[in-house]
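Take a look at the structure set out below.
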Amino acid sequence: MTTFPFVVSSEPSLFEVSLMHWSDVMAKRLAERGDQHIVATGITPSGEFHIGHLREILTGDMIARAARRAGMDAELVFVVDNADPLRKVYPFLDASYEAFIGHQLGSIPAPDAEGKPDWDRFNNEGWSYGDHFLQPFLEALRQIGVVPRLLPNLEAYRAGKFSKAAKVACDNPHAIREIIERVSGRELPDDWFPWQPLDSKGSLDGTVITDYEYPLVHWTDSHGQSGSSDIEKGEGKLPWRLDWPAKWGFNQITCEPFGKDHGAAGGSYDTGKEIALLFGHEPPAPLTYEWISLKGKGAMSSSSGNTVGPMEALRLVPPEILRFLVANSKPSKAIEFDTGMGLVNLADEYERLTARDFDTEMKDENLSRRKQVQIEDAKVALELSAIHEQEKPSATSISFRHMALLAQIKPNDEDVWASLRDSGGPPEPTPQLEDRLKRMRAWIASEHFPEDMRINICQSPDKEAMEHLNDLQRLVLVHLNETLGEAIWTADGITAAFKAAGQAAEVGMKDVYRACYALFMAAERGPRLAPILANCNRGDILELVNIALET
RNA sequence: GGGCCUGUAGCUCAGUCAGGUAGAGCGUCGGACUUUUAAUCCGAUGGUCGCGGGUUCGAACCCCGUCGGGCCCGCCA
């Protein structure tokens with residue numbers, strides 16, 4: 001008998017490390033700190049949001065859910081970094097935005113359809129640049145089952161929430177400088193000061209600090225103007241490396257996932273955790289995650305237009321599949337988002353998982369440890385994929401592939417439901433299924449739908465496919481010309497014509513279908529032909545058979 | 001220069017934290033369903049765990065080195 005040194009004899013705890021999903025590992029870490037948690041996420045609304053940003057939010061959401069499942073209180077918050085400045089005139093912006101560079105995203109007008117500043121909405125409704133990009137993202141979040149408490153950063157500055165930290169920083173610029181220089185290994189300019197005042201035009205760039213008398217930071221700007229910035233009234237902002245740890249404090253953040261850029265040694269989390277202590281609070285438990293890139297196109301980037309937006313993704317993919325993508329990948333794993341075949345496989349894997357009974361599987365005592373890990377991981381990933389936290393993910397029992405076929409073959413939804421009914425599906429379409437079909441149709445209509453999945457009826461006979469047919473199979477075509485010509489143009493009628501052609505040619509149905517698939521789809525096999533042909537133009541199909549016979 | 005992630009079956013990846021007989025899904029191939037919604041079911045196929053050393057009774061896993069891919073250390077959150 002083999003003994004495994006790693007088997008501990010004590011009773012299995014909820015936190016049996018070897019059997020944990022990544023979200024549970026984080027929950028365990030949080031449990032060591034207490035049972036009240038605020039999980040933070042944060043994004044700068046500088047441009048179009050993309051599914052890369054979804055990972056940030058979903059990672060946080062899943063940690064919060066895991067903490068709640070383990071019996072803790074946990075809330076998800078979303079810091080909207082609208083106090084950050086506009087960095088440059090992005091390609092989607094009009095050149096007039098040049099004047100706003102350095103200005104805070106929450107204090108400048110949103111671009112209109114032509115990329116020009118929309119002053120009307122800005123002046124009348126206060127509709128800002130940040131709002132413009134945030135709004136659709138929030139809608140996508142709602143669909144995907146994430147409703148975080150929003151913490152707009154600019155408003156936090158104006159409300160004086162940064163006052164305490166800003167005072168500590170401005171009172172101790174040398175201590176801050178020491179931390180940043182030592183931990184990040186870079187040298188700060190001599191005139192560096194831990195506060196960025198707004199200049200005479202409202203920009204955070206280009207000011208020189210001339211003096212500090214709490215609560216005022218005195219400055220001169222690039223326009224030759226000078227003035228004072230009150231650090232308690234949001235007349236400026238803390239530099240990012242201080243801004244972040246300051247937010248941890250007054251928002252009482254206990255956990256925050258962030259992209260790998262922040263997580264690098266000497267990066268902003270490293271300096272942040274020391275600065276947090278200086279501010280007087282513990283840094284949150286970190287979790288570094290990898291980026292999501294687009295398959296074959298590299299990293300996602302708003303400015304290059306190389307993105308799939310959350311709303312676009314949701315038109316194609318059911319939200320639970322998007323959640324599953326994140327839940328099923330360890331945060332350290334880079335995700336390649338593939339809107340083609342990868343998506344089909346992902347969705348079908350999801351469907352297969354929903355059909356499994358994990359509890360029963362786990363009862364098998366002969367399972368290897370490895371197997372147990374797999375089951376546990378899959379089970380938790382599936383739970384986290386549910387849009388609503390409490391609900392069990394339900395199986396549609398219709399694979400993505402199958403749905404893709406039906407949606408292509410049947411232009412009318414009713415026919416799809418009828419077909420499902422006939423093949424043992426649900427008597428009435430569930431709302432979930434209707435939703436699936438709607439998204440599937442959008443996907444098929446989009447450029448993202450993989451060619452491999454597309455059903456194409458040949459316009460003319462494919463030479464190569466036809467050459468592979470033997471004489472017997474060719475003979476079928478002769479009879480097919482006749483039987484099909486007389487057939488009633490319905491699925492049943494066409495099926496009957498196939499049979500009749502087979503009988504006339506005295507060959508088995510296998511050869512009939514071989515011949516048909518070669519002719520109609522240039523393939524050896526395929527989806528059931530008759531219903532597809534029934535939806536095609538009769539004249540075109542007969543013409544196709546004719547041409548084939550002539551050549 | 002410093003650091004992080006990553007390399008396992010044709011593909012996507014588990015497994016590395018706590019060393020104990022290389023795993024899953026997809027794909028491919030074959031069969032069944034007396035023929036079909038790329039379906040389903042069964043079976044088969046498949047890997048010098050990037051490479052080289054070391055530690056060990058035993059290494060995908062730990063240590064050292066090396067090669068390849070991605071990335072960060074410039075307030076770009």
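Letters A, B, ... are given to chains in the order of the sequence lines, protein chains preceding strands, and every chain is numbered from 1.
Considering all non-hydrogen atoms of both residues, A:V89 and A:Y97 come closest at CG2-C, 3.8 Å. Between A:L30 and A:C255, the closest heavy-atom pair is CD2-CB, 3.7 Å.
Taking the six-membered ring where the residue is Trp, A:H103 and A:F100 present perpendicular rings, their angle passing 60° and hence far from 30°. Between A:W244 and A:W240, the angle of the ring planes stays under 30°, which puts this pair in the parallel group of the 30/60° scheme. Ring geometry for A:F49 against A:F78 counts as perpendicular: the plane angle is over 60°, on a 0 to 90° scale with 30° as the lower cut. The aromatic rings of A:F258 and A:H262 sit perpendicular to each other, their planes meeting at more than 60°, with 30° as the lower class boundary.
Counting non-hydrogen atoms under 4.0 angstrom, A:R514 reaches nothing in the nucleic acid. At a threshold of 4.0 angstrom between heavy atoms, the contacts of A:P531 with the nucleic acid are absent. A:Y269 comes within 4.0 angstrom of no nucleic acid atom, judged by non-hydrogen atoms across all strands.
The distance between the ring centers of A:F133 and A:Y129 falls below 6.0 angstrom. Note: A:W248 and A:Y269 meet the aromatic proximity criterion, with ring centroids under 6.0 Å apart.
For A:K260, counting side-chain heavy atoms from C-beta on, the closest listed nucleotide (B:G74, B:G70, B:U37) is B:G70. Here the nucleotide nearest the side chain of A:M521, chosen from B:C71, B:U37, B:A38, is B:A38.
Per the geometry, CZ belonging to A:R55 stands 14 Å off C1' belonging to B:C71, to the nearest Å. Rounded to a whole Å, the CZ atom of A:F520 is 17 Å from the C1' atom of B:U37. Residue A:L437 contributes atom CG, which lies 14 Å from atom C1' of B:U37 at whole-angstrom precision. The separation between A:D377 atom CG and B:C17 atom P is 16 Å, rounded to whole Å. Between A:Y513 atom OH and B:A39 atom P there is a gap of 16 Å when expressed in whole angstrom units.
Of the candidates A:D243, A:V80, A:L105, A:N153 forms a side chain to side chain contact (heavy atoms under 4.5 Å, CB included) with just one, namely A:D243.
Both A:T495 and A:E290 sit near RNA chain B, but only A:E290 has its closest nucleotide nearer the 5' end. Nearest-nucleotide assignment on RNA chain B puts the 5′-proximal partner with A:R454, out of A:R454 and A:H262.
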Would you tabulate the pairs of protein nitrogen or oxygen atoms and nucleotide nitrogen or oxygen atoms of nucleotides 25-28 of chain B closer than 3.5 angstrom?
from, atom 1, to, atom 2, distance (Å)
B:G25, O2', A:R352, NH2, 2.5

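Judged by Watson-Crick or G-U wobble contacts below 3.5 Å, the nucleotide B:U40 has B:A32 as its partner. Taking a pair to require two hydrogen-bonding distances under 3.5 Å in either a Watson-Crick or a G-U wobble arrangement, B:G1 pairs with B:C73.
Sorted by residue number, the members of residues 327-334 of chain A with any non-hydrogen atom under 4.0 Å from RNA chain B read A:K330, A:S332, A:K333.
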